[in-house]
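What follows is a single structure, written as structure tokens, with notes after it.
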Amino acid sequence: MDQLLVPVGMTVVVLCVIAVALCVVSMVFSFGMKRPKVTEYTLDQPWENGPTLFSATDIEPMALSRHFEPGDVEGGSASGKW
């Protein structure tokens, strides 16, 4: 087992150095790329999308490692005027 320590260790070190070098090279070549500008939404603009509400009421009960109330594992829902 001790005979494999150096070859396996050196292989891992060499692969890590190659991976880091490839990451640096990819970052150097990505600086010249043009990325699309993301339009930022502000509150003075009209909201043209529907509401996105997520509810976690359909999840299965799970076993928690502490004492819990029934509301801890059941999600709620949101409602309001949009």
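T42 pairs by the side chain to side chain donor-acceptor pair (under 3.5 Å) definition with D44, not counting sequence neighbours.
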Which donor-acceptor pairs under 3.5 Å do side chains of residues 27-41 form with protein atoms, sequence neighbours excluded?
residue, atom, partner, partner atom, Å
S30, OG, S26, O, 3.4
S30, OG, M27, O, 3.0
Y41, OH, Q45, O, 3.2

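Residue L22 is found in a hydrophobic cluster whose other members, listed by chain and number, are V14, I18; membership requires side-chain heavy atoms under 4.5 Å apart, directly or through intermediates.
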